[in-house]
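Please read these numbers as outputs of a predicted model, since none were measured by experiment. Along the sequence shown, residues carry numbers from 1. The figures here come from the full heavy-atom set of this structure, side chains too, leaving out hydrogens, waters and symmetry mates.
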Amino acid sequence: MNLKTDQEIALLEKCSLLVGKTLAEIAKIIRPGVSTKHLDKIAEEFIRDNGAIPGFLNYNGYPASLCISVNDTVVHGIPDEKTILNEGDIVSVDCGTIIDGWYGDSAFTFEVGEVAPEIKQLLKVTRESLELGIEKAVAGNRVGDIGYAIQTYVESFGYSVVRDLVGHGIGRNMHEAPEIPNYGRRGNGVKLVEGMVICIEPMINMGTFRVKMLNDGWTVKTADGKPSAHFEKQIAVRKNKAEVLINYDEIDKIIKDKS
(Lines give C-alpha, C1' and ligand atoms only; values in the text may rest on other atoms or scores of the structure.)
Protein backbone atom coordinates (compact mmCIF):
# COMPACT_ATOMS: atom_id res chain seq x y z
CA MET A 1 0.00 0.00 0.00
CA ASN A 2 1.37 3.37 -1.03
CA LEU A 3 1.17 5.44 2.18
CA LYS A 4 2.48 8.99 2.25
CA THR A 5 4.57 10.71 4.92
CA ASP A 6 3.47 14.07 6.33
CA GLN A 7 6.14 15.71 4.18
CA GLU A 8 4.81 14.00 1.04
CA ILE A 9 1.23 14.97 1.95
CA ALA A 10 2.41 18.58 2.21
CA LEU A 11 3.80 18.32 -1.35
CA LEU A 12 0.51 16.83 -2.56
CA GLU A 13 -1.36 19.65 -0.85
CA LYS A 14 0.74 22.16 -2.79
CA CYS A 15 -0.33 20.45 -6.05
CA SER A 16 -3.93 20.29 -4.94
CA LEU A 17 -4.12 23.93 -3.85
CA LEU A 18 -2.84 24.96 -7.28
CA VAL A 19 -5.68 22.93 -8.83
CA GLY A 20 -8.10 24.92 -6.65
CA LYS A 21 -6.53 28.21 -7.76
CA THR A 22 -6.70 27.13 -11.41
CA LEU A 23 -10.39 26.26 -11.04
CA ALA A 24 -10.90 29.70 -9.48
CA GLU A 25 -9.31 31.29 -12.57
CA ILE A 26 -11.76 29.30 -14.70
CA ALA A 27 -14.63 30.46 -12.47
CA LYS A 28 -13.79 34.06 -13.43
CA ILE A 29 -14.27 33.46 -17.15
CA ILE A 30 -17.08 30.91 -17.32
CA ARG A 31 -20.00 32.57 -19.08
CA PRO A 32 -22.22 32.07 -22.14
CA GLY A 33 -20.29 32.40 -25.41
CA VAL A 34 -16.94 31.07 -24.16
CA SER A 35 -15.41 28.04 -25.89
CA THR A 36 -14.13 25.12 -23.85
CA LYS A 37 -10.83 25.49 -25.75
CA HIS A 38 -10.43 29.01 -24.34
CA LEU A 39 -10.92 27.72 -20.78
CA ASP A 40 -8.27 25.07 -21.43
CA LYS A 41 -5.79 27.63 -22.75
CA ILE A 42 -6.23 29.88 -19.69
CA ALA A 43 -5.77 26.90 -17.34
CA GLU A 44 -2.60 25.66 -19.05
CA GLU A 45 -1.03 29.14 -18.96
CA PHE A 46 -1.94 29.60 -15.29
CA ILE A 47 -0.56 26.20 -14.27
CA ARG A 48 2.73 26.79 -16.12
CA ASP A 49 3.01 30.38 -14.79
CA ASN A 50 2.88 28.86 -11.31
CA GLY A 51 5.81 26.56 -11.99
CA ALA A 52 3.79 23.40 -12.49
CA ILE A 53 2.95 21.09 -15.39
CA PRO A 54 -0.63 20.29 -16.48
CA GLY A 55 -1.29 16.83 -15.07
CA PHE A 56 -3.73 15.70 -17.76
CA LEU A 57 -1.93 16.91 -20.89
CA ASN A 58 -0.59 13.84 -22.76
CA TYR A 59 -1.66 11.54 -19.89
CA ASN A 60 -2.30 8.28 -21.76
CA GLY A 61 -2.50 10.45 -24.89
CA TYR A 62 -5.12 12.89 -23.55
CA PRO A 63 -4.81 16.05 -25.70
CA ALA A 64 -5.66 18.85 -23.23
CA SER A 65 -4.96 20.31 -19.79
CA LEU A 66 -8.57 20.16 -18.58
CA CYS A 67 -11.43 17.73 -18.91
CA ILE A 68 -14.47 19.92 -19.63
CA SER A 69 -17.78 18.08 -19.54
CA VAL A 70 -20.97 19.92 -20.46
CA ASN A 71 -24.51 18.89 -19.45
CA ASP A 72 -24.92 15.16 -20.27
CA THR A 73 -21.17 14.59 -20.54
CA VAL A 74 -20.18 12.88 -17.30
CA VAL A 75 -16.38 13.21 -17.54
CA HIS A 76 -13.40 13.47 -19.90
CA GLY A 77 -14.94 15.95 -22.33
CA ILE A 78 -12.14 17.18 -24.63
CA PRO A 79 -11.98 20.99 -24.95
CA ASP A 80 -12.40 22.35 -28.48
CA GLU A 81 -13.27 25.53 -30.37
CA LYS A 82 -16.72 24.39 -31.42
CA THR A 83 -18.07 23.62 -27.95
CA ILE A 84 -19.44 26.97 -26.79
CA LEU A 85 -21.01 27.39 -23.35
CA ASN A 86 -24.65 28.47 -23.40
CA GLU A 87 -26.94 30.06 -20.84
CA GLY A 88 -28.33 27.33 -18.57
CA ASP A 89 -25.52 24.82 -19.18
CA ILE A 90 -23.63 23.07 -16.42
CA VAL A 91 -19.97 22.30 -16.95
CA SER A 92 -17.72 19.99 -14.96
CA VAL A 93 -14.11 21.19 -15.05
CA ASP A 94 -11.60 18.55 -13.95
CA CYS A 95 -8.01 19.74 -13.51
CA GLY A 96 -4.67 18.12 -12.73
CA THR A 97 -1.24 19.49 -11.85
CA ILE A 98 2.26 18.08 -11.40
CA ILE A 99 4.82 19.70 -9.10
CA ASP A 100 8.14 17.94 -8.50
CA GLY A 101 6.67 14.64 -9.68
CA TRP A 102 3.56 14.78 -7.44
CA TYR A 103 -0.02 15.04 -8.70
CA GLY A 104 -2.98 17.23 -7.83
CA ASP A 105 -6.45 16.35 -9.14
CA SER A 106 -9.86 17.86 -8.37
CA ALA A 107 -13.04 18.97 -10.13
CA PHE A 108 -15.94 21.41 -9.80
CA THR A 109 -19.22 21.67 -11.70
CA PHE A 110 -20.10 25.24 -12.65
CA GLU A 111 -23.39 26.83 -13.62
CA VAL A 112 -23.37 28.91 -16.82
CA GLY A 113 -25.65 31.89 -16.36
CA GLU A 114 -29.09 31.05 -14.98
CA VAL A 115 -29.64 27.32 -14.55
CA ALA A 116 -32.97 25.50 -14.10
CA PRO A 117 -33.90 24.83 -10.43
CA GLU A 118 -33.91 21.03 -10.84
CA ILE A 119 -30.37 21.13 -12.27
CA LYS A 120 -29.23 23.47 -9.47
CA GLN A 121 -30.48 20.85 -7.03
CA LEU A 122 -28.52 18.09 -8.80
CA LEU A 123 -25.32 20.13 -8.33
CA LYS A 124 -26.13 20.93 -4.70
CA VAL A 125 -26.86 17.31 -3.80
CA THR A 126 -23.77 16.01 -5.63
CA ARG A 127 -21.54 18.48 -3.80
CA GLU A 128 -23.17 17.60 -0.47
CA SER A 129 -22.63 13.90 -1.18
CA LEU A 130 -18.90 14.57 -1.68
CA GLU A 131 -18.71 16.12 1.80
CA LEU A 132 -20.57 13.14 3.28
CA GLY A 133 -18.08 10.80 1.60
CA ILE A 134 -15.16 12.81 2.95
CA GLU A 135 -16.58 12.50 6.48
CA LYS A 136 -16.19 8.72 6.18
CA ALA A 137 -12.59 8.90 4.87
CA VAL A 138 -10.94 8.25 8.23
CA ALA A 139 -8.52 5.56 9.34
CA GLY A 140 -10.27 2.34 10.33
CA ASN A 141 -13.22 2.80 8.00
CA ARG A 142 -13.45 1.06 4.64
CA VAL A 143 -13.83 2.24 1.08
CA GLY A 144 -17.41 0.93 1.12
CA ASP A 145 -18.27 3.37 3.90
CA ILE A 146 -17.42 6.29 1.58
CA GLY A 147 -19.44 4.85 -1.30
CA TYR A 148 -22.40 4.00 0.93
CA ALA A 149 -22.58 7.57 2.30
CA ILE A 150 -22.57 9.04 -1.21
CA GLN A 151 -24.94 6.50 -2.75
CA THR A 152 -27.64 6.55 -0.08
CA TYR A 153 -27.73 10.34 -0.03
CA VAL A 154 -28.03 10.92 -3.78
CA GLU A 155 -30.45 8.03 -4.33
CA SER A 156 -32.76 9.55 -1.69
CA PHE A 157 -33.26 12.39 -4.21
CA GLY A 158 -33.94 9.97 -7.08
CA TYR A 159 -30.50 10.42 -8.68
CA SER A 160 -28.15 7.63 -9.69
CA VAL A 161 -24.46 6.90 -9.15
CA VAL A 162 -22.23 6.19 -12.15
CA ARG A 163 -20.78 2.69 -11.69
CA ASP A 164 -18.26 2.59 -14.54
CA LEU A 165 -16.03 5.37 -13.16
CA VAL A 166 -14.57 5.71 -9.68
CA GLY A 167 -12.31 7.82 -7.48
CA HIS A 168 -8.74 6.71 -6.83
CA GLY A 169 -5.55 6.94 -4.86
CA ILE A 170 -3.04 9.56 -5.99
CA GLY A 171 0.61 10.43 -5.43
CA ARG A 172 3.52 10.16 -7.85
CA ASN A 173 0.98 8.65 -10.23
CA MET A 174 -2.34 10.19 -11.17
CA HIS A 175 -4.18 6.94 -10.47
CA GLU A 176 -3.04 4.67 -7.66
CA ALA A 177 -4.72 2.04 -5.52
CA PRO A 178 -7.25 1.88 -4.03
CA GLU A 179 -10.23 2.57 -6.27
CA ILE A 180 -12.90 4.66 -4.51
CA PRO A 181 -16.37 3.82 -5.90
CA ASN A 182 -19.23 6.22 -5.18
CA TYR A 183 -21.47 3.31 -4.22
CA GLY A 184 -20.95 0.41 -1.86
CA ARG A 185 -21.80 -1.31 1.39
CA ARG A 186 -20.75 -0.21 4.84
CA GLY A 187 -17.86 -2.21 6.25
CA ASN A 188 -16.84 -3.53 2.82
CA GLY A 189 -13.79 -2.93 0.67
CA VAL A 190 -10.22 -1.83 1.32
CA LYS A 191 -9.49 -0.63 4.86
CA LEU A 192 -8.54 3.04 5.07
CA VAL A 193 -5.17 3.69 6.68
CA GLU A 194 -3.62 6.95 7.85
CA GLY A 195 -1.32 8.29 5.13
CA MET A 196 -3.46 7.22 2.20
CA VAL A 197 -4.13 10.09 -0.22
CA ILE A 198 -7.25 9.63 -2.32
CA CYS A 199 -9.54 11.51 -4.68
CA ILE A 200 -13.24 11.19 -3.89
CA GLU A 201 -15.32 12.21 -6.89
CA PRO A 202 -19.05 11.55 -7.04
CA MET A 203 -20.36 11.48 -10.61
CA ILE A 204 -24.12 11.70 -10.22
CA ASN A 205 -26.72 11.45 -12.97
CA MET A 206 -30.21 12.90 -13.01
CA GLY A 207 -31.47 9.81 -14.82
CA THR A 208 -29.99 6.35 -15.37
CA PHE A 209 -26.56 5.41 -13.98
CA ARG A 210 -25.68 3.95 -17.38
CA VAL A 211 -23.12 5.74 -19.52
CA LYS A 212 -21.64 5.45 -23.01
CA MET A 213 -18.22 6.32 -24.38
CA LEU A 214 -17.88 8.24 -27.62
CA ASN A 215 -15.63 7.17 -30.48
CA ASP A 216 -12.86 9.55 -29.36
CA GLY A 217 -12.08 7.03 -26.61
CA TRP A 218 -12.43 9.63 -23.84
CA THR A 219 -15.79 11.42 -23.69
CA VAL A 220 -18.28 9.67 -21.38
CA LYS A 221 -21.95 10.68 -21.64
CA THR A 222 -25.12 9.63 -19.84
CA ALA A 223 -26.94 6.90 -21.76
CA ASP A 224 -30.26 8.78 -21.59
CA GLY A 225 -28.93 12.28 -22.38
CA LYS A 226 -29.90 13.67 -18.95
CA PRO A 227 -27.49 15.95 -17.05
CA SER A 228 -24.66 14.72 -14.83
CA ALA A 229 -22.77 16.54 -12.05
CA HIS A 230 -19.22 15.91 -10.83
CA PHE A 231 -17.28 17.23 -7.84
CA GLU A 232 -13.89 15.94 -6.73
CA LYS A 233 -11.59 16.65 -3.81
CA GLN A 234 -8.15 15.29 -3.00
CA ILE A 235 -7.85 14.27 0.67
CA ALA A 236 -5.46 12.58 3.06
CA VAL A 237 -6.83 9.88 5.36
CA ARG A 238 -6.23 10.75 9.02
CA LYS A 239 -7.28 9.22 12.35
CA ASN A 240 -10.33 11.27 13.27
CA LYS A 241 -11.02 13.57 10.34
CA ALA A 242 -9.91 13.60 6.72
CA GLU A 243 -7.41 16.29 5.78
CA VAL A 244 -8.83 18.06 2.72
CA LEU A 245 -5.99 19.16 0.45
CA ILE A 246 -7.97 21.46 -1.86
CA ASN A 247 -9.94 24.58 -1.06
CA TYR A 248 -13.18 25.57 -2.86
CA ASP A 249 -13.48 28.89 -0.96
CA GLU A 250 -11.93 31.04 -3.68
CA ILE A 251 -14.14 29.41 -6.33
CA ASP A 252 -17.25 30.02 -4.23
CA LYS A 253 -16.27 33.65 -3.62
CA ILE A 254 -15.82 34.33 -7.34
CA ILE A 255 -19.16 32.68 -8.17
CA LYS A 256 -20.88 34.76 -5.46
CA ASP A 257 -19.26 37.99 -6.66
CA LYS A 258 -20.41 37.30 -10.24
CA SER A 259 -24.04 36.66 -9.27
Side-chain angles (χ1 to χ4, degrees), residues 1-24 50 52 55 94-109 124-154 161 165-204 229-253:
M1 192 177 292
N2 197 350
L3 302 180
K4 314 301 191 287
T5 65
D6 286 351
Q7 188 180 10
E8 289 170 338
I9 289 169
L11 291 169
L12 285 164
E13 183 177 35
K14 191 176 170 187
C15 302
S16 195
L17 288 172
L18 180 56
V19 171
K21 287 179 179 144
T22 307
L23 291 171
N50 281 274
D94 196 348
C95 177
T97 58
I98 307 169
I99 302 173
D100 298 330
W102 296 92
Y103 276 88
D105 177 19
S106 290
F108 193 97
T109 300
K124 180 173 179 284
V125 169
T126 302
R127 183 166 172 181
E128 287 167 350
S129 78
L130 170 58
E131 298 306 325
L132 293 171
I134 289 170
E135 282 177 17
K136 299 297 181 187
V138 293
N141 278 356
R142 292 184 179 270
V143 164
D145 295 314
I146 298 172
Y148 179 83
I150 293 168
Q151 180 182 10
T152 51
Y153 187 67
V154 302
V161 176
L165 302 146
V166 295
H168 52 91
I170 189 167
R172 286 197 171 276
N173 297 295
M174 171 90 73
H175 297 107
E176 298 181 354
E179 291 190 342
I180 312 292
N182 299 300
Y183 59 94
R185 290 188 297 168
R186 284 182 292 196
N188 270 33
V190 174
K191 194 170 189 180
L192 299 170
V193 179
E194 185 164 22
M196 279 181 171
V197 177
I198 59 175
C199 292
I200 303 174
E201 51 177 319
M203 291 155 272
I204 307 304
H230 174 217
F231 288 87
E232 175 183 13
K233 283 186 176 179
Q234 187 169 347
I235 65 108
V237 174
R238 298 296 195 184
K239 281 198 176 108
N240 299 310
K241 188 181 181 189
E243 182 182 351
V244 180
L245 304 181
I246 182 173
N247 196 325
Y248 278 172
D249 290 355
E250 204 175 334
I251 303 168
D252 285 332
K253 183 178 183 305

**Q** Please list all pairs passing the salt bridge (charged side-chain N to carboxylate O under 4.0 Å, His left out) test where one or both residues lie in residues 175-193, with sequence neighbours left out.
**A** Lys4-Glu176

**Q** Check whether any side-chain heavy atom of Ile204 sits under 4.5 Å from a side-chain heavy atom of Val125, and report yes or no.
**A** no

**Q** Less than 4.5 Å apart, any side-chain heavy atom of Ile198 and any of Ile235?
**A** yes

**Q** So, do Val161 and Pro202 sit near enough that their side-chain heavy atoms are less than 4.5 Å apart?
**A** no

**Q** Can you check whether Ile180 reaches Val143 side chain to side chain, under 4.5 Å on heavy atoms?
**A** yes

**Q** Which residue pairs satisfy the side-chain hydrogen bond (donor to acceptor under 3.5 Å, both in side chains) criterion with at least one member in residues 94-104, sequence neighbours excluded?
**A** none

**Q** Check His230 against Ala107 and note the closest heavy-atom contact, atom names and distance.
**A** CE1-CB, 3.5 Å

**Q** Distance from Asn50 atom CG to Ile99 atom CD1, nearest 0.5 Å?
**A** 8.0 Å

**Q** How would you list, by chain and number, every residue that makes a side chain to side chain contact (heavy atoms under 4.5 Å, CB included) with Ala177, sequence neighbours excluded?
**A** none

**Q** Name all pairs fulfilling the salt bridge (charged side-chain N to carboxylate O under 4.0 Å, His left out) condition that reach into residues 243-252, sequence neighbours left out, sorted by first residue then second.
**A** Arg127-Asp252, Arg238-Glu243

**Q** Going by heavy atoms in the side chains, are Thr109 and Phe231 under 4.5 Å from each other?
**A** yes

**Q** Any non-hydrogen side-chain atom of Leu12 less than 4.5 Å from a side-chain atom of Gln234?
**A** yes

**Q** Considering only heavy atoms from C-beta outward, does the side chain of Glu201 approach that of His168 to under 4.5 Å?
**A** yes

**Q** Which heavy atom of Leu18 sits nearest a heavy atom of Ala52, and at what distance?
**A** CD2-CB, 3.4 Å

**Q** Scan Leu3, Ile9, Asn141, Leu192 and name whichever one has a side chain to side chain contact (heavy atoms under 4.5 Å, CB included) with Val237.
**A** Leu192

**Q** May I have the list of side-chain donor-acceptor pairs in residues 128-137 shorter than 3.5 Å, sequence neighbours left out?
**A**
| from | atom 1 | to | atom 2 | distance (Å) |
| --- | --- | --- | --- | --- |
| Glu128 | OE1 | Tyr153 | OH | 2.4 |
| Glu128 | OE2 | Lys124 | NZ | 2.9 |
| Ser129 | OG | Thr126 | O | 2.7 |
| Glu131 | OE2 | Lys233 | NZ | 2.8 |

**Q** Rounded to the nearest 0.5 Å, what separates atom CG in Leu11 from atom CG in Asp6?
**A** 11.5 Å

**Q** Determine whether a donor-acceptor pair (N or O, by modelled atom type, separation under 3.5 Å) exists between the side chain of Asn182 and the backbone of Gly147.
**A** no

**Q** From Met174 CE over to Asp105 CG, what is the distance, rounded to the nearest 0.5 angstrom?
**A** 5.5 Å

**Q** About how many Å separate CD1 of Ile246 and SG of Cys199, when rounded to the nearest 0.5 Å?
**A** 9.0 Å

**Q** Looking only at heavy atoms, which two atoms of Ile150 and Ile200 are closest? And how far apart?
**A** CD1-CG2, 3.9 Å

**Q** I'd like to check the salt bridge (charged side-chain N to carboxylate O under 4.0 Å, His left out) partners of Lys253; sequence neighbours left out, ordered by chain and number.
**A** Asp257

**Q** Can you list the steps and then say if Glu8 with Val197 is a side chain to side chain contact (heavy atoms under 4.5 Å, CB included)?
**A** CA-CA 10 Å; Glu8 289 170 338; Val197 177; over 6 Å; no

